Number of protein chains: 2
Amino acid sequence: MTTADPAPQRRMRADARRNYERLLAEAATIFAEHGVEASLEEIARRAGVANGTLYSHFPTRQALLEALLRDRMRTLSDTARDLLDHPSVDEALIIWARAAMAHTTVYRGLTTSLMRSIEDESSQLHAACQAVLTAGEQLLNRAQAAGTVRTDATASDLYALINAAAWAGEQTSPAQGERLLSFGIDGMRSATDS
Amino acid sequence: MTTADPAPQRRMRADARRNYERLLAEAATIFAEHGVEASLEEIARRAGVANGTLYSHFPTRQALLEALLRDRMRTLSDTARDLLDHPSVDEALIIWARAAMAHTTVYRGLTTSLMRSIEDESSQLHAACQAVLTAGEQLLNRAQAAGTVRTDATASDLYALINAAAWAGEQTSPAQGERLLSFGIDGMRSATDS
DNA sequence: AAATATATTGAGACAGTCTCAACTTGGCAA
DNA sequence: TTGCCAAGTTGAGACTGTCTCAATATATTT
């Protein structure tokens, strides 16, 4: 696993780069431990820098999340593309949905950020979320073309379903999240076209 | 609409009762405006009392919510009981689920509180949530007995589904919440019994 | 008109977000 | 090698918010 590059910026000064990496590493640990609402102050403290440094690298919590999730979200999009070749359109869809849900589950509270970011174009996470949504859309369209998924379900519905199921799983148990996802996808398949 | 009685307490002093009512009224307004994470300080300020007074009446945010939602949640349970006489078991279930979702939607952020409270027995909202869950269970069991809902769906699944759909609706649009609920319920109906 | 149980007050301890003027320091050019 | 300056860091400080509790005030009872 290579460390994420700092956006499309010019070369950073050595100390800046060091702090950037350090912050990212501590953020990963602390978010994993306390969820995405964890104190940014503590991340800075644990990284051994002043909080102003954190804010200068990551102006918002979402910018930090974006840097942390960039690779993973790209992978998720790639996975969707790969699954377009899967022999079973239905299976491809459910496999991807489960993978997406697993991704959404790495940090507690992430679902809310991801859901909010798809709506909020000014969010630093927006582009990444949009890419994931679009990736899912390919699989959904393919299933609809094959006639196994009702045509009134949208990519946005799929995205919302994945996040809602992940959210529920986060509140109660992962197993319940899985179950909700299954119900939802089954419901999207049910014959009753409106 | 009668005002909620302050729990099963003895008689309160006149000024205390006045403040209690005032706090409840302001809380309703402010929660409606800013969601359930609104500042308690502001509620106290707008009610014209010191914040200590708010805390003495409602030791936690959930205690305040409980007082605010008590009637409505009781009604929801009653509605479920009434619907047990509905000619269509399926329709009864979906009607109630929609009503429950509407209830969950009165304040932004409520879904999270309600979902957390079903798990957390020490929450002041726990009992009320449990009552709602049990009410839904009756309708679910009836549908399962009638053979229209798969038997591996639990009352907890139904509760989670309603809240998850409401949550999604809260993040994007109410219409999407409705759609997710439909998909979920349809999925619970689908033949594939495991 | 006390006496007393009941309520209210608001300052204060604490934790968190975010900003910005003052300071450091890395890296380049002479 | 030196010195300069753009780039980076610092941390105090202005906020907003939660929650507590000793001091104070007030309703009710006798």
Side-chain angles (χ1 to χ4, degrees), chain A residues 5-27 30-31 33-67 107-109 112-113 116 122-125, chain B residues 5-27 30-31 33-67 107-109 112-113 116 120 122-124:
Chain A
D5 276 344
Q9 259 168 200
R10 307 288 203 79
R11 195 134 118 271
M12 293 169 100
R13 234 167 68 172
D15 56 343
R17 165 146 233 126
R18 209 165 36 240
N19 288 335
Y20 181 94
E21 307 289 6
R22 194 80 205 281
L23 283 164
L24 231 37
E26 291 302 332
I30 293 175
F31 282 167
E33 213 168 324
H34 303 294
V36 299
E37 298 303 341
S39 161
L40 297 181
E41 226 174 23
E42 198 191 337
I43 292 172
R45 210 180 312 130
R46 292 254 288 259
V49 301
N51 60 7
T53 299
L54 188 156
Y55 283 103
S56 101
H57 282 294
F58 308 103
T60 67
R61 191 179 293 270
Q62 301 202 314
L64 180 51
L65 276 173
E66 194 277 332
Y107 305 131
R108 210 159 6 99
T112 306
S113 296
R116 195 166 287 157
S122 72
S123 163
Q124 283 93 343
L125 271 168
Chain B
D5 276 346
Q9 259 168 198
R10 308 286 202 79
R11 193 134 119 272
M12 291 169 102
R13 234 168 67 173
D15 56 343
R17 166 147 233 126
R18 210 167 32 242
N19 287 334
Y20 180 95
E21 306 290 6
R22 194 77 205 282
L23 283 164
L24 231 37
E26 292 301 333
I30 293 175
F31 282 167
E33 213 168 325
H34 302 295
V36 300
E37 299 302 341
S39 161
L40 297 180
E41 225 173 25
E42 197 190 338
I43 292 172
R45 210 179 310 131
R46 291 256 287 258
V49 301
N51 60 7
T53 300
L54 188 156
Y55 284 101
S56 100
H57 283 294
F58 308 103
T60 67
R61 191 180 294 269
Q62 301 202 313
L64 179 51
L65 275 174
E66 194 276 334
Y107 305 131
R108 212 161 2 102
T112 306
S113 296
R116 194 167 286 158
D120 176 7
S122 72
S123 163
Q124 283 93 344

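Residue numbers begin at 1 in each chain, while the letters A, B, ... track the order of the sequences. Worth saying up front: this structure is predicted, and the values here are computed from it rather than measured.
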For [X] and [N], is the shortest distance between a side-chain N/O and OP1 or OP2 below 4.0 Å?
X: A:Arg61; N: C:dC18; value: no
X: B:His57; N: C:dA7; value: no
X: B:Thr53; N: C:dT9; value: yes

For A:Arg45, side-chain contact (heavy atoms from CB on, under 4.5 Å) partners two or more places apart
A:Glu41, A:Glu42
By side-chain contact (heavy atoms from CB on, under 4.5 Å), which residues pair with B:Arg22, not counting sequence neighbours?
B:Glu26, B:Ala47
With sequence neighbours left out, write down each residue that passes side-chain hydrogen bond (donor to acceptor under 3.5 Å, both in side chains) with [X], or none if nothing qualifies.
X: A:Thr112; result: none
X: B:Ser123; result: B:Gln62, B:Ser117
X: A:Gln124; result: A:Thr60

About how many Å separate [atom2] of [Y] and [atom1] of [X], when rounded to the nearest 0.5 Å?
X: B:His57; Y: B:Asn19; atom1: NE2; atom2: CG; answer: 5.0 Å
X: A:Glu37; Y: A:Ser113; atom1: CD; atom2: OG; answer: 6.0 Å
X: A:Met12; Y: A:Arg18; atom1: CE; atom2: CZ; answer: 11.5 Å

Contacts under 3.5 Å, N or O only, protein and nucleotides 24-27 of chain C:
unit_1, atom_1, unit_2, atom_2, d
C:dT25, O2, A:Arg13, NH1, 3.2
C:dG26, O4', A:Arg13, NE, 3.4
C:dG27, OP1, A:Ala14, N, 3.1

Which residues pass the salt bridge (charged side-chain N to carboxylate O under 4.0 Å, His left out) test with A:Arg13, not counting sequence neighbours?
A:Asp15
Taking C-beta and beyond as the side chain, do A:Leu24 and A:Leu64 meet within less than 4.5 Å on heavy atoms?
yes
Tell me, do B:Leu23 and B:Ile43 make a side-chain contact under 4.5 Å, heavy atoms counted?
yes
Please name the pair of heavy atoms, one in A:Leu40 and one in A:Leu54, separated by the smallest distance, quoted to 0.1 Å.
O-CD1, 3.4 Å
For B:Phe58 and B:Ala67, work out which heavy atoms get closest and say how close.
CE2-CB, 3.9 Å
Which angle, to the nearest 10 degrees, lies between the helix axes at the two ends of the helix from C:dA1-D:dT30 to C:dA30-D:dT1, each defined by five pairs?
10°
Atom pairs, protein N/O to nucleotides 20-22 of chain D N/O, distance under 3.5 Å:
none

Look only at the side chain of B:Arg61 and the backbone of B:Ala38, and say whether a donor-acceptor pair between them is shorter than 3.5 Å.
yes
If you take any heavy atom closer than 4.0 Å to DNA chain C, which residues from residues 34-47 of chain B end up in contact?
none
Among residues at least two apart in sequence or on other chains, which ones pass ring-ring contact (aromatic ring centres under 6.0 Å, His included) with A:Phe31?
A:Tyr107
Whole angstroms only, please: what is the OH-P distance between A:Tyr20 and D:dA7?
18 Å
May I have the distance from A:Phe58 (atom CZ) to D:dT9 (atom P), rounded to whole angstrom?
11 Å
Provide a list of protein-nucleic acid N or O atom pairs under 3.5 angstrom, restricted to nucleotides 1-5 of chain D.
none

